[in-house]
There are 4 protein chains.
Amino acid sequence: MCRWIAYSGTPILLSQVLFRPEHSLIDQSLHSRLGVETTNGDGFGIGWYPGDTDTDTPAVLRDVGPAWNNRNLLEVAHHVRSGLFFAHIRASTGTAVQQTNCHPFRSGRWMWMHNGMISEFSRLRRDLALAVDPALYAGIEGSTDSELMFFLALTFGLTDDPPGAVARMAGLVETTGQAYGVPHPLQMTVAVTDGVRVWAFRYSSEGRSRSLYYSTRVETLRALHPDASFLRDVSDDTRLVVSEPLGTLPGAWNEVPESSHGIIQPGGDELHAFRPVPPGGPRPN
Amino acid sequence: MCRWIAYSGTPILLSQVLFRPEHSLIDQSLHSRLGVETTNGDGFGIGWYPGDTDTDTPAVLRDVGPAWNNRNLLEVAHHVRSGLFFAHIRASTGTAVQQTNCHPFRSGRWMWMHNGMISEFSRLRRDLALAVDPALYAGIEGSTDSELMFFLALTFGLTDDPPGAVARMAGLVETTGQAYGVPHPLQMTVAVTDGVRVWAFRYSSEGRSRSLYYSTRVETLRALHPDASFLRDVSDDTRLVVSEPLGTLPGAWNEVPESSHGIIQPGGDELHAFRPVPPGGPRPN
Amino acid sequence: MCRWIAYSGTPILLSQVLFRPEHSLIDQSLHSRLGVETTNGDGFGIGWYPGDTDTDTPAVLRDVGPAWNNRNLLEVAHHVRSGLFFAHIRASTGTAVQQTNCHPFRSGRWMWMHNGMISEFSRLRRDLALAVDPALYAGIEGSTDSELMFFLALTFGLTDDPPGAVARMAGLVETTGQAYGVPHPLQMTVAVTDGVRVWAFRYSSEGRSRSLYYSTRVETLRALHPDASFLRDVSDDTRLVVSEPLGTLPGAWNEVPESSHGIIQPGGDELHAFRPVPPGGPRPN
Amino acid sequence: MCRWIAYSGTPILLSQVLFRPEHSLIDQSLHSRLGVETTNGDGFGIGWYPGDTDTDTPAVLRDVGPAWNNRNLLEVAHHVRSGLFFAHIRASTGTAVQQTNCHPFRSGRWMWMHNGMISEFSRLRRDLALAVDPALYAGIEGSTDSELMFFLALTFGLTDDPPGAVARMAGLVETTGQAYGVPHPLQMTVAVTDGVRVWAFRYSSEGRSRSLYYSTRVETLRALHPDASFLRDVSDDTRLVVSEPLGTLPGAWNEVPESSHGIIQPGGDELHAFRPVPPGGPRPN
């Protein structure tokens with residue numbers, strides 16, 4: 001399907017994460033190891049917060065060609081630095097290869113990206129679209145399940161309670177899928193951010209979700225690898241969440257458990273269970 | 001907005017209509033004379049019927065750049081011949097510049113293209129989308145009013161009764177617009193074809209529709225311009241419908257009247273009044 | 001590097017070769033088996049002769065994205081038929097991903113496509129460019145070794161004596177490479193056509209050339225596979241030359257020998273040795 | 001031809017120059033007033049210095065579509081700030097619409113952009129290309145006169161003495177053109193920068209050069225327009241050089257004289273005469 005990276009921590013040149021690592025996202029676009037498809041060449045996107053006061057929205061750069069040969073991506077990655085950014089490479093599951101189908105999606109300060117799929121989306125699409133808040137509906141620009149999941153999460157209160165909204169979105173997809181007799185309606189890893197915190201979700205109806213990893217605490221890595229100089233340049237709270245590890249540094253990567261979500265935030269990260277909430281169901285707490 | 005051309009008649013190289021005339025569609029992409037915008041550089045599309053028995057659908061070539069510098073358009077136009085083809089150049093009224101927003105749109109043997117707009121489309125979009133036949137809904141790939149008008153016409157029986165279906169589509173847009181307090185909801189010139197006949201519509205809520213012209217009968221033109229050699233190469237039933245005249249040959253172009261639709265077909269063309277039919281209203285006859 | 005296909009025979013829809021086979025060129029763009037790179041996603045091109053009298057040049061359609069997700073390629077391939085066409089998918093070895101670097105290249109009636117490379121091309125490029133006929137020089141539009149090889153072959157008389165011109169081109173590359181101390185200057189499989197005959201070359205300085213196959217005679221295949229119905233639809237003289245086999249039909253594919261070139265033509269194909277002719281050297285005969 | 005803008009001064013969001021002004025570069029892409037072509041839709045580019053210590057090269061973003069509908073340009077312009085940047089919109093005079101033909105061109109810390117043309121470039125191209133330093137030749141990626149002028153200027157010492165190198169480049173073009181009987185070989189406005197200073201040139205063989213303007217000193221403008229609040233936000237040394245004025249503020253724009261070049265730099269701008277230096281001619285002083 002797709003591959004993605006979420007970075008939070010010391011402001012760095014985007015290229016240090018996107019191009020430099022041994023198995024960088026660019027390398028994954030050609031040779032993904034853990035993805036369903038080895039090639040992720042149906043568009044890409046990056047979104048970053050500039051970190052100054054004039055602009056409170058992230059910049060989002062998306063294009064329809066492969067990431068591996070895109071010169072504008074190379075330019076921006078080598079000249080823009082940010083302390084919070086998303087990057088995504090796409091392998092289409094059938095929908096058109098167009099900019100509005102590329103991740104991350106944005107709404108105000110918020111960004112969203114997804115790996116996975118809604119099974120038999122073409123059958124469920126209309127019902128799901130009808131559940132989108134009418135005031136938001138006109139903002140749908142593309143034709144992917146991923147964008148619609150974002151609009152549903154926004155409908156269910158994403159900006160107030162991200163885990164609750166994503167749980168309700170997932171619940172609606174499950175319920176709608178079941179109504180249409182779709183065996184395993186939802187497969188997802190999702191990253192969401194408001195520019196301060198990052199929420200990452202791993203879930204699938206069948207309990208065999210797409211791969212997702214988070215990086216080990218920097219202070220632990222420093223103790224394990226006292227010679228790794230780049231670890232000295234980043235702050236203790238620097239963290240990555242990735243579809244697949246960017247390298248082979250022992251001890252650096254940990255699998256996000258099935259049916260769970262994590263929060264990367266100032267003051268301490270969190271890891272919780274994730275369970276869809278069906279329409280009309282109680283809020284999770 | 002946009003400019004378009006529909007050709008029906010003797011099979012010719014597409015370039016003879018698209019590139020050769022003094023004020024060809026390519027010239028119109030840079031310097032439209034009668035359009036709302038002088039530049040139509042937000043994508044283009046052509047659709048043609050190959051005219052052999054193996055393929056009963058038209059080929060549709062669309063791209064997001066301007067028509068005037070597109071080499072693939074140049075190549076195809078100079079090497080493909082057809083007796084029935086559409087061509088369209090786009091000036092976006094706000095929606096994304098992407099292939100799925102380019103005309104012509106296709107469904108089976110049918111093609112559709114549009115110049116104009118649904119006013120305040122972002123407010124009406126959801127209601128109109130809900131009126132699309134659920135079985136067709138998943139086929140919506142883009143975000144334009146034009147594509148949605150096509151899907152509504154398909155919903156209302158386009159393939160059985162094109163004028164009736166377009167009248168019901170227009171009626172729904174009018175009614176929906178009125179419900180939202182939109183002064184003049186619809187502005188359109190539309191061309192539709194099934195590969196045999198071509199229907200062309202000119203209508204707007206305010207009664208001041210975008211320009212639309214049809215070519216004079218070839219036999220009449222031959223009498224008027226006995227020296228125009230190209231008129232000898234085309235059959236008597238060759239006909240063009242265009243957003244604006246392709247040249248200045250006196251007597252060659254006739255304005256399609258306000259609120260009317262024409263049919264180009266074997267056995268004799270027709271011209272009729274066009275009036276929207278509101279939801280629940282009687283079929284026009 | 002790249003993968004290519006040359007077809008000559010009964011006029012067919014391009015899709016029957018490009019999309020239909022089990023291991024079609026489109027499949028090879030994602031999962032090449034015999035290529036240096038598994039992914040060939042840096043642009044593509046097709047060139048075909050329409051087969052009517054008005055147009056004596058081939059149409060060439062090229063684009064910069066991957067072939068596997070290009071809708072215009074899909075459209076043209078399913079609606080255009082030809083008895084002689086080329087198709088090429090590109091994996092850049094460093095030069096820009098742009099239309100003018102995509103194959104096939106064209107000059108008048110002639111088309112050229114290439115898989116392979118000139119080693120250390122950036123060092124040899126200027127000397128090779130200076131050897132191009134000054135009257136042709138201004139026609140160079142891209143930055144690839146492949147296009148320059150075409151212009152050199154044109155300079156050396158490609159349109160009069162294709163094997164001789166390609167031999168002199170290869171000889172110049174060898175000599176120039178040696179002058180710069182490049183170990184193995186040339187690696188190539190090349191296809192050339194004038195719209196009637198197709199010449200295919202397989203050669204490399206090191207004697208380990210990129211893969212190249214030609215299809216077995218249709219009458220032989222019919223005898224081997226009496227149940228393969230598609231073999232009944234094509235004429236006896238239908239022939240394919242391909243970078244890698246399109247399927248696994250036993251007996252269908254034969255390797256083009258090292259350092260050789262073949263000619264597909266009306267009246268009987270030919271296979272000959274190929275040896276570069278250094279500048280000032282005698283014409284091969 | 002083309003239109004361009006060079007900005008030097010207080011670091012600002014690029015959008016404040018590219019999108020905000022009444023007759024911004026984006027507006028000029030659709031409706032140029034002083035250009036040879038009203039539409040400049042054949043690609044665009046921006047180049048900016050990030051202004052931090054890690055990256056000493058400018059970022060260059062270029063794309064082949066029109067600037068007016070490019071979302072990535074919009075995103076970058078609204079989220080990136082710089083104290084020295086170039087922007088360019090292109091109207092091709094025949095060469096391919098491809099990224100490598102878009103301005104600005106870059107070499108190390110240096111950027112170059114051009115409006116104008118070398119007359120009958122296809123005839124002069126080879127001779128001019130041969131004059132490029134062989135060590136630089138392989139870096140030529142596109143097919144424009146503009147890029148070749150840049151490589152010639154680099155050959156003639158651009159990084160040591162910009163006015164001298166541009167004069168020698170212009171002299172070579174004049175001499176080469178005369179040798180081929182071309183009446184007025186050169187037409188140019190050129191901007192060059194090393195990230196600290198900006199050199200702007202206005203020259204043409206016929207003495208009727210493309211338009212070029214520079215902005216009035218900020219302190220003077222403040223006195224003229226005490227109510228223009230945005231003038232309070234920029235430093236006294238902020239300066240723009242533009243193909244055509246960005247607005248109608250009286251007293252804000254001054255024509256760069258024919259056959260002259262200016263230098264924008266810390267410590268005081270300069271304006272000098274410009275005269276081509278033929279090959280073998282003395283250095284200007």
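Just the heavy atoms: all of them, side chains too, but no hydrogens, waters or symmetry mates, feed the values below. Below, chains carry the letters A, B, ... as their sequence lines are ordered, and counting in each starts from 1.
- Of the two parts of A:I140, the backbone and the side chain both hold a non-hydrogen atom closer than 4.5 Å to a non-hydrogen atom of chain B.
- You'll find the side chain of A:R126 stays beyond 4.5 Å of the side chain of B:V132, heavy atoms only.
- For the atom pair CG (A:D127) and OH (B:Y137), the distance works out to 10.0 Å, reported to the nearest 0.5 Å.
- With a 4.5 Å cut-off on side-chain heavy atoms, A:T95 and B:E141 do not count as touching.
- Residues B:A138 and A:S122 come closest through the heavy atom pair CB-O, 3.0 Å.
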